[in-house]
Amino acid sequence: MQTMAIIGAQWGDEGKGKITDLLAEKCDLVVRYQGGHNAGHTIWVNGQKTVLHVIPSGVLHPHCLSVIGHGVVLEPENFLAELAKIKGITPVTPENLKVSATATVITNYHKLLDAAREAQGPEKIGTTGKGIGPAYEDKVSRRGIKVKDLLDKDTLVRRLSNGYAEKAVLFKHLYQIEIPSIEEEVERLYRLGESMKDYVTDTFSLIDEKLAKGKRVLYEGAQGILLDIDYGTYPFVTSSSTAGAGIYTGAGIPGKKLEEVIGVAKAYTTRVGEGPFPTELIDDLGEEIQTKGHEFGATTGRKRRCGWLDLPLLRYAVKCSHLTSIALTKLDILSNLRELKVCYAYEVNGRVVECAYPGINLYGAKPLYKSFTPFSDDFGGGKPSKEFEAYVAFIQESLGIPVGIYAYGPDRNQVVFRQKYS
Ligand code: IMP
């Protein structure tokens, strides 16, 4: 297998970092294709925790080339700070980390705008406040700044001036916020560009070249399919293409197609921020899962909302991204719960719906549950219990694709491969 992708199959935070880190060992390149530092990919190795935001999760394997593709929105200050931190853990050089020259830059005013809009309402999205949406807006309106623009002062002035007056008026008169002057922002961004220039390259051609040489490429998704700008629960989504299609637009697979697409799903469901959540548990059990699963956002520290596994949404995720197998994570959190349920379908306007679809009113979807005998496995190396097997088998049968991996703890070793990814 030469091309493989790891995609969040829910609303993010499924444990993609851990699965990417594990599979990166067998790959030559790990490529991020969308999102930015709104992501928080946590990896535990020998009791040491590393949280990556925009640097690909393959970086902990020195043999791997980590690539930040052109579909990513990059905040240079944050990137350099993350780089400095990672350098203290593992060797990172311009030889094993590359940033696309055409990735879009997140500037200070994007962050200010994100925060101002969330404060203003009336419909809050619950963003991470990192400037992600405003930066993608500028990209789509053709006013974005690309990483390569940071390397030439004249180009930077020209690109930044494009629309800056409009922004200054908007901030001053609507939000009563003074944004930095163009001169200040140019100086800041140019300085940051100088510090990162050795990492900047044409990543599309790089991936092309590596694929032609038979190298193995792993694409690492951020957030999850249900947060996709097109496939997700709009408007409560992020602003990028988190689903499989984003790989083709945000990094490219020149001359190839994806062979394996692993959807990472928690054995229950979580969501941060606003938006519908049919299986949400607003009771003691929801609290118990939240506490036991340490369900706090890795980037914002916010409490995650928790609920049962939602198969109609997962079936939808399988279809939107052509998932070929599932990595089921955090099974240890469900062990020893006093009850265990899975939503196998919804009732919507008196009709049974097995697969969610765009346009469905999730607020009006009544989850239909199947109860399972709770399992109490300690995953200490013995055979899994028949209750555990029944739970996993039901998920697998319902989705029509194998559960190829399951994870039962944060560490690299706390995982079982039921399928070979080679
Ligand atoms: P934004 O990506 O900061 O614009 O946030 C938009 C929505 O996506 C909000 O509901 C966030 O909580 C959610 N979101 C963004 N990044 C992540 C993530 O990495 N994990 C989970 N949710 C996320």
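Just follow the structure's listing: the first ligand is 1, and inside any ligand the first atom is 1. If you read the sequence from its start, that first residue is 1, and numbering goes on from there.
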Residue part near ligand 1, for Thr300, under 4.0 Å between non-hydrogen atoms: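 Near ligand 1, Thr300 shows nothing, with every heavy atom at 4.0 Å or more.
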Side chain, backbone, both or neither: Arg271 near ligand 1, heavy atoms under 4.0 Å: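 Under 4.0 Å from ligand 1, Arg271 contributes no heavy atoms.
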Atoms in ligand 1 with a heavy atom of Ala39 nearer than 4.0 Å: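 Ligand 1 atoms under the 4.0 Å threshold to Ala39: 19 (O).
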Per-atom contacts of ligand 1 with Gly126, taking only distances under 4.0 Å to non-hydrogen atoms: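 Numbered from 1, ligand 1 contributes 9 (C), 10 (O), 11 (C), 12 (O).
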Among all protein heavy atoms in this structure, tell me which lies nearest to [atom], with the distance rounded to 0.1 Å.
| atom | value |
| --- | --- |
| atom 22 (N) of ligand 1 | Val272 CG2, 3.4 Å |
| atom 12 (O) of ligand 1 | Arg302 NH2, 3.0 Å |
| atom 5 (O) of ligand 1 | Thr127 CA, 3.3 Å |
| atom 6 (C) of ligand 1 | Val237 O, 3.3 Å |
| atom 21 (C) of ligand 1 | Asp13 OD2, 3.1 Å |
| atom 13 (C) of ligand 1 | Leu227 CD1, 3.9 Å |
| atom 2 (O) of ligand 1 | Thr238 OG1, 2.6 Å |

Result of checking Ile401, Leu23, Thr20, Leu323 against Ile262 for side chain to side chain contact (heavy atoms under 4.5 Å, CB included): Leu23
So, is [X] polar-close to ligand 1, with some N/O to N/O distance under 3.5 Å?
| X | result |
| --- | --- |
| Thr128 | yes |
| Ile132 | no |
| Glu274 | no |
| Lys130 | no |
| Asp114 | no |

Pair Tyr33 + Tyr248: ring centers closer than 6.0 Å: no
Side-chain donor-acceptor contact under 3.5 Å, Trp11 with Thr233: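 A donor-acceptor contact under 3.5 Å links the two side chains.
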Donor on one side chain, acceptor on other, Thr242 and Gln34, under 3.5 Å: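 There is no such pair (donor and acceptor under 3.5 Å, judged by atom type) between the side chains of Thr242 and Gln34.
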N-O pairing of Glu137 and Arg143 below 4.0 Å: no
Tell me, please, whether [Y] has [X] positioned over its six-membered ring: NZ or CZ under 6.0 Å from the ring centre and within 45 degrees of its axis?
| X | Y | value |
| --- | --- | --- |
| Lys370 | Phe372 | yes |
| Lys341 | Tyr369 | yes |
| Lys26 | Phe417 | yes |

Parallel, tilted or perpendicular: rings of Phe375 and Phe379 (30°, 60°):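 Perpendicular, since the angle between the ring planes exceeds 60°.
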Within-shell test, Gln223 vs ligand 1, heavy atom, strictly < 4.0 Å: yes
Contact check, Trp11 vs ligand 1, heavy-atom distance below 4.0 Å: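 Contact present.
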Neighbour count above 12 (heavy atom, 6.0 Å) for Lys148 NZ: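 Not buried by this count: 12 neighbours or fewer within 6.0 Å.
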side-chain hydrogen bond (donor to acceptor under 3.5 Å, both in side chains) partner of Arg304, chosen from Thr269, Asp13, Thr270: Asp13
